[in-house]
Amino acid sequence: MIQRQRVSVTVNGRAYEREVEPRLLLSDFLRHELDLTGTHVGCEHGVCGACTILLDGEPIRSCLMLAVQADGLELTTVEGLTEDPEKLHPLQQAFWEAHGLQCGFCTAGILMTILPFLKKNPTPSEDEIRLALSGNLCRCTGYQHIVDAVKLAADYLGEESS
Amino acid sequence: MKPAPVDYTAPDSLAEALALLAEHGFDGKLLAGGQSLVPLLNFRLAQPGVLIDLNRVRDLDYVRETAEGGVSIGAMTRQRTLETDPLLVERAPLMNQAAPLIAHPQIRNRGTVGGSLAHADPAAELPVVAVALEARFRLQSHAGERWVDARDFYVGLMTTELAAEEALVEVELPPLPPRTGCAFVELARRHGDYATSGVAAIVTLDEAGVCSAAKLVYLSAGDTPMTAAEAAQSLVGSELSSESIRAAAAYATTAEIEPTADIHASAEYKRHLAGVLTERALLAAKARALGGAG
Ligand SMILES: Cc1cc2nc3c(=O)[nH]c(=O)nc-3n(C[C@H](O)[C@H](O)[C@H](O)COP(=O)(O)OP(=O)(O)OC[C@H]3O[C@@H](n4cnc5c(N)ncnc54)[C@H](O)[C@@H]3O)c2cc1C
Ligand code: FES
Ligand code: FES
């Protein structure tokens, strides 16, 4: 019998502790143990980007980490963007206004990719935006409106910080 | 899919990790960035009994200057670090040219140097870079350590010199001679995918601008990183004219590489592509050698 192991992890500033099987993927841990179902799961082999979350502020694939590996670490998921569900984060606002999503399956992963990207590069060119999005698949939009949304988000975040 | 049941341990020292590896033998598997291993677990193509996680072993994450003026890189250094590390930019620019071509930032934030080198995918960039730069690898087990040259490390398709109880702990790159230029050029269908074809070119010029050493190493061109030694040798003594470069590219890609067809490209197309990329890489390497900046 394989022993379950204890995981203590901080997600969106809140501490959680659970006992889990070592084989449990971090993506499934977030969704099924912590009920943070904003993080989506598409391919489970690192290709689609739907499961992208932040580990210490940097984007990673949560389907390619085990929950037990996150012990003692700090994570941010899409739920961490805003505390008040009535008030969207500027990134979310921009995606809403620019029609940066249709079914929404890819959206959480895209937001968690773009958030650190815009922090490092607040005024990106279109080419840089497309490169930043290249690790996230969207089957609906054709990407054009996602690119527009990222441009709008860069404007909003720029206004916010000035 | 989900991994099969597996045990997990996260030692915080290398000695402990190596002892665990010796204890578990073929049933134990080192877990580095997990960017190749976890997909294999998810597909149940790998079903080890116990994962030995190296992520808590802190002292394997470094980029340092060696006494000879080269660079040594710890196995747990993230691929993301290779893109910007100032010492690598100065001493081994081929590394930071190749690193952004590996997958996406989300993958490189976790994926490690040691993991990519040990995984030995013939389509991967870092094994090609290591062979081209004449790197040597420090392999360590509970019983001791040995050094293996990168070119001897890759023995077959995803097969290396590593024994079951060994870990790759360090990569050492010798210093590059003056007037040396490097270029890494590849073509992938989409940015971040494994490349259809790719080549690392390194050329050294003497004071008169004549080529005194050259190297060509290919990815996706055989079971291991493929070195075109004769084509590179044909460039030595030339001034790297367009004609000599074209002839070397033609020879390398007809006689010295063995690409196989896949669903995206025939072997013939891959040879053609490799030839085009070789010309581009050699011209870029030459320009950098002349410009003084690697
Ligand atoms: C979507 C996607 C796209 C990718 N595209 C590319 C690409 O274009 N080019 C490319 O090169 N790679 C690509 N990769 C793979 C990526 O670079 C991996 O990071 C790399 O192949 C493995 O490194 P890792 O640290 O993640 O190792 P892991 O996945 O943890 O381990 C891989 C293997 O190496 C062994 N291992 C790990 N570390 C050591 C060590 N120190 N000593 C001995 N054995 C060890 C493990 O036991 C395992 O067998 C891609 C991955 C994904 C998910
Ligand atoms: S579910 Fe993780 S990348 Fe697709
Ligand atoms: S909006 Fe449907 S997958 Fe992107």
Side-chain angles (χ1 to χ4, degrees), chain A residues 1-7 20-29 32 41 43-73 109-110 112-114 116-117 120-121 127-128 130-137 143, chain B residues 1-12 27 29-58 78-81 83-84 100-112 115 188-194:
Chain A
M1 245 329 260
I2 286 163
Q3 290 275 320
R4 293 166 85 85
Q5 297 190 13
R6 184 165 296 277
V7 189
V20 300
E21 277 191 78
R23 65 169 168 155
L24 184 68
L25 299 176
L26 182 57
S27 43
D28 288 333
F29 176 79
H32 305 308
V41 170
C43 67
E44 294 187 329
H45 60 119
V47 174
C48 74
C51 68
T52 304
I53 62 164
L54 305 185
L55 165 62
D56 293 331
E58 294 289 341
I60 61 143
R61 303 291 204 225
S62 61
C63 71
L64 297 187
M65 236 177 113
L66 301 171
V68 286
Q69 291 189 280
D71 187 48
L73 302 182
I110 289 184
M112 299 321 276
T113 297
I114 293 305
F117 168 69
K120 279 190 193 138
N121 186 352
D127 280 352
E128 288 168 336
R130 288 185 180 274
L131 188 62
L133 288 168
S134 68
N136 294 75
L137 297 181
Y143 301 99
Chain B
M1 273 177 65
K2 314 293 178 189
V6 60
D7 213 342
Y8 170 86
T9 166
D12 49 25
D27 207 29
K29 196 110 188 95
L30 293 175
L31 174 59
Q35 304 303 292
S36 293
L37 182 53
V38 178
L40 292 174
L41 296 175
N42 288 353
F43 286 128
R44 302 201 177 187
L45 291 170
Q47 295 198 16
V50 53
L51 294 169
I52 302 161
D53 190 352
L54 290 175
N55 284 280
R56 313 247 163 207
V57 180
R58 294 273 172 236
R78 306 288 168 187
Q79 292 156 6
R80 197 70 208 251
T81 307
E83 291 167 56
T84 50
L101 304 173
I102 306 170
H104 309 285
Q106 297 98 322
I107 311 281
R108 298 196 294 276
N109 278 332
R110 293 294 295 167
T112 66
R189 289 177 76 242
R190 282 175 314 190
H191 181 84
D193 282 5
Y194 279 105

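Only a predicted model underlies this, so the values are computations on that prediction, with no experimental measurement involved. Convention: sequence-line order gives letters A, B, ...; per-chain numbering from 1.
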key: A/Met65 and B/Asn55: CA distance, side-chain angles, deciding distance, side-chain contact (heavy atoms from CB on, under 4.5 Å) verdict   = CA-CA 11 Å; A/Met65 236 177 113; B/Asn55 284 280; over 6 Å; no
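- For the pair A/Leu55/B/Arg110, a side-chain contact is recorded, criterion being any heavy-atom separation below 4.5 Å from C-beta on.
- Using modelled atom types, one side-chain atom of B/Asn109 and one backbone atom of A/Pro59 make a donor-acceptor pair closer than 3.5 Å.
- In this structure, B/Gln106 contributes its side chain and A/Arg61 its backbone to no donor-acceptor pair below 3.5 Å.
- Within 6.0 Å of CZ on B/Arg189 lie no more than 12 heavy atoms contributed by other residues, nucleotides or ligands.
- The parts of A/Ser134 that come within reach of chain B are both its backbone and its side chain, each placing non-hydrogen atoms under 4.5 angstrom from that chain.
- Heavy atoms closer than 4.5 Å to chain B are found in the side chain of A/Gln5, but not in its backbone.
- In this structure, CZ on B/Arg78 lies 10.0 Å from CD1 on A/Ile60, to the nearest 0.5 angstrom.
- For the pair B/Asp53/A/Gln69, a side-chain contact is recorded, criterion being any heavy-atom separation below 4.5 Å from C-beta on.
- No donor-acceptor pair closer than 3.5 Å links the side chain of A/Arg23 to the backbone N or O of B/Tyr8.
- No part of B/Ala103 comes within reach of chain A, as not one of its non-hydrogen atoms sits under 4.5 angstrom from that chain.
- Only the side chain of B/Arg56 comes within contact range of chain A, with at least one heavy atom under 4.5 Å from a heavy atom of that chain.
- Considering every non-hydrogen atom in both A/Ile2 and B/Asp7, the closest pair reads CD1-N, 3.8 Å.
- Heavy atoms closer than 4.5 Å to chain A are found in the side chain of B/Leu31, but not in its backbone.
- Ranked by non-hydrogen atom pairs under 4.5 Å with chain B, the options A/Leu131, A/Leu24, A/Val41 are led by A/Leu131.
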query = So A/His45 and B/Met1, side-chain contact (heavy atoms from CB on, under 4.5 Å) or not? Walk me through it.
reply = CA-CA 9 Å; A/His45 60 119; B/Met1 273 177 65; over 6 Å; no
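- Heavy-atom distances place the side chain of A/Leu25, and not its backbone, under 4.5 Å from chain B.
- In this structure, the side chains of A/Leu66 and B/Val6 stay at 4.5 Å or more apart for every pair of heavy atoms.
- Of the two parts of A/Asn136, only the side chain, counted from C-beta on, holds a non-hydrogen atom closer than 4.5 Å to a non-hydrogen atom of chain B.
- Note: B/Ala4 leads B/Ala10, B/Ala4, B/Gly49 in heavy-atom pairs under 4.5 Å with chain A.
- Neither the backbone nor the side chain of B/Leu37 comes within contact range of chain A, judged by heavy atoms closer than 4.5 Å.
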